[in-house]
Amino acid sequence: MRVLVAGATGVVGHPLVGALRERGHQVSALVRDESRAPDADRIVVADALDRETLLSGVRDARPEVVVHQLSALRLLREDPPEAFARTARLRTEGTANLIEAARAAGARRLVAQSIAFAAVPAGAPVLDEDAPLYVDAPDPGWAATVRAVAALERLVLDTGRDLDGVALRYGTLYGPGTAYARDGGTGQRVLAGKLPLPEGGAGVTSFLHVEDAVGAAVAAVESTSTGAFHVTDDEPARAARWLPHYARTLGAPPPRTIPATLAPRLLGWFMAHQLTAARGAANDRARAALGWKPTHPSWRDGLGHGPRVAPDGEGTR
Ligand SMILES: NC(=O)c1ccc[n+]([C@@H]2O[C@H](COP(=O)([O-])OP(=O)(O)OC[C@H]3O[C@@H](n4cnc5c(N)ncnc54)[C@H](OP(=O)(O)O)[C@@H]3O)[C@@H](O)[C@H]2O)c1
């Protein structure tokens with residue numbers, strides 16, 4: 001099939017281009033900077049927020065399936081407010097532009113990245129896709145993020161009869177290039193002993209190895225199923241389990257325990273929420289509907305693994 005990947009320089013998008021080509025698809029890589037493009041059958045240079053350029057670039061590629069892996073979360077380390085604001089814009093305006101471009105190009109299927117950790121933290125420790133999204137979270141920043149996620153899913157799942165939509169709700173990504181890699185933001189924080197464990201550590205995280213995010217996107221491209229699916233590993237874990245394990249694997253000091261009431265002030269609202277209250281996300285529907293299953297079923301086997309930094313800097317990615 002002819003597949004266009006938007007976000008083809010990204011943590012998921014870049015390896016996805018290669019994985020789709022290995023399956024025999026003809027892949028167009030949509031990038032902003034041609035010099036950073038992966039090997040692809042065609043390169044489309046366009047900014048997803050520039051409607052006209054996007055429409056003409058996508059039309060020329062004539063994709064049958066469009067994959068949306070756009071985000072600006074790479075900016076998180078330098079400028080978190082800008083990273084969230086730009087990502088929200090990509091989820092709303094960027095998604096609307098991409099859908100218009102996909103439809104104008106004659107595509108019949110759209111596969112978009114969403115997140116599996118946006119649910120209201122109520123009920124069972126592990127939730128399915130019917131759980132309501134936390135659009136009224138007490139933190140205005142997280143509420144705005146979840147509203148943009150909800151808007152993206154509405155756009156993707158309500159595309160009408162001519163274009164089928166799939167929202168892949170990825171769990172917390174780990175592996176090369178992610179925040180949880182040794183050189184990522186969270187990895188560095190744990191190595192520096194700056195991610196303490198709020199007492200009880202009752203928040204549940206569903207992790208996902210980047211290779212499985214790629215695998216699920218390939219499965220979604222090739223499937224005919226539509227809807228929103230949790231794409232997560234098989235072992236949702238409380239913070240009290242995964243954080244000490246992660247620190248040990250990294251060779252970091254064990255996380256110190258802090259009173260849960262201090263967590264929002266010391267860690268920021270989102271991290272405090274993730275470690276104390278968040279729910280996990282069950283992957284049964286993705287398994288059944290997409291015929292996908294994780295090749296890394298447990299975070300235990302990979303979270304915190306990766307090359308160590310030698311004293312002279314060798315081995316750093
Ligand atoms: N589920 C999760 O845990 C989750 C979800 C998302 C992100 N993250 C974290 O966020 C970090 C980044 O991951 P990611 O895959 O979302 O982001 P990423 O690796 O930065 O990929 C985002 C892609 O979007 C492209 N893009 C951004 N703005 C664009 C625009 N206006 N027009 C066209 N393309 C645009 C980027 O291209 P350029 O190269 O041109 O910028 C890049 O190809 C990782 O550390 C990851 O762990 C985690």
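Of the charged side-chain nitrogens involved, at least one lies within less than 4.0 Å of a carboxylate oxygen, so that Glu153 and Arg169 count as a salt-bridged pair. Electrostatic pairing of Arg300 and Glu235 counts as a salt bridge here, judged by a charged N lying under 4.0 Å from a carboxylate O. Salt-bridge formation is not detected for the pair Asp164/Arg108: no Lys NZ or Arg NE/NH1/NH2 atom is positioned less than 4.0 Å from an Asp or Glu carboxylate oxygen. In summary, Glu222 and Arg23 engage in a salt bridge, as defined by a charged side-chain N under 4.0 Å from a carboxylate O.
With sequence neighbours excluded, the residues that form a ring-ring contact (aromatic ring centres under 6.0 Å, His included) with His209 are Tyr174, His296. Shown here are the ring-ring contact (aromatic ring centres under 6.0 Å, His included) partners of Tyr246, two or more places apart in sequence or in another chain: Tyr180. Scanning for side chain to side chain contact (heavy atoms under 4.5 Å, CB included) contacts around Asp33 gives Ser35, Arg36, with sequence neighbours left out. With sequence neighbours left out, the side-chain hydrogen bond (donor to acceptor under 3.5 Å, both in side chains) criterion links Thr232 to no other residue. For the side chain to side chain contact (heavy atoms under 4.5 Å, CB included) test, residues two or more places apart in sequence or in another chain that qualify with Val210 are Val11, Leu173, Thr178. Residues meeting the side chain to side chain contact (heavy atoms under 4.5 Å, CB included) test with Ala143, sequence neighbours left out: Ala137, Arg147. Listed by chain and residue number, Asp212 satisfy the side-chain hydrogen bond (donor to acceptor under 3.5 Å, both in side chains) test with Thr295 (two or more places apart in sequence, or in another chain). Residues satisfying the side chain to side chain contact (heavy atoms under 4.5 Å, CB included) criterion with Asp301, sequence neighbours excluded, are Ser298.
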Validation: residues 119-128 side-chain donor-acceptor distances under 3.5 Å, sequence neighbours left out:
from   : atom 1 : to     : atom 2 : distance (Å)
Asp128 : OD1    : Asp130 : N      : 2.8

Please list every donor-acceptor pair under 3.5 Å in which a side-chain atom of residues 263-277 meets a protein atom from a residue at least two apart or in another chain.
from   : atom 1 : to     : atom 2 : distance (Å)
Gln274 : NE2    : Thr205 : OG1    : 3.1
Thr276 : OG1    : Ala272 : O      : 2.7

Hey, mind stepping through Arg287 and Asp234 against salt bridge (charged side-chain N to carboxylate O under 4.0 Å, His left out) and telling me if it holds? CA-CA 11 Å; Arg287 282 171 168 268; Asp234 293 338; 2.8 Å; yes
Next on the checklist: Please determine whether ring-ring contact (aromatic ring centres under 6.0 Å, His included) holds for the pair Phe229 and Trp292, giving the CA-CA distance in whole Å, both sets of side-chain angles, and the decisive distance to 0.1 Å.
Outcome noted: CA-CA 11 Å; Phe229 302 109; Trp292 167 87; over 10 Å; no
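A heavy-atom distance below 4.5 Å is found between the side chains of Leu49 and Arg86.
Residues Leu20 and Val17 share a hydrophobic cluster, clusters being chains of Ile/Leu/Val/Met/Phe/Trp/Tyr side chains in contact below 4.5 Å. Under a hydrophobic clustering in which Ile, Leu, Val, Met, Phe, Trp and Tyr are joined whenever their side-chain heavy atoms come within less than 4.5 Å, directly or via other members, Leu30 and Leu152 fall into the same cluster.
Hydrophobic clustering, defined by side-chain heavy atoms of Ile, Leu, Val, Met, Phe, Trp and Tyr closer than 4.5 Å, groups Leu76 together with Leu73, Phe84. Members clustered with Val31: Ile43, Val45, by chain and number, using a 4.5 Å side-chain heavy-atom cutoff among hydrophobic residues.
Between the side chain of Trp242 and the main chain of Trp299, no donor-acceptor pair closer than 3.5 Å is present.
Screening Gln26, His25, Arg21 for a side chain to side chain donor-acceptor pair (under 3.5 Å) involving Asp41 leaves a single residue, Arg21.
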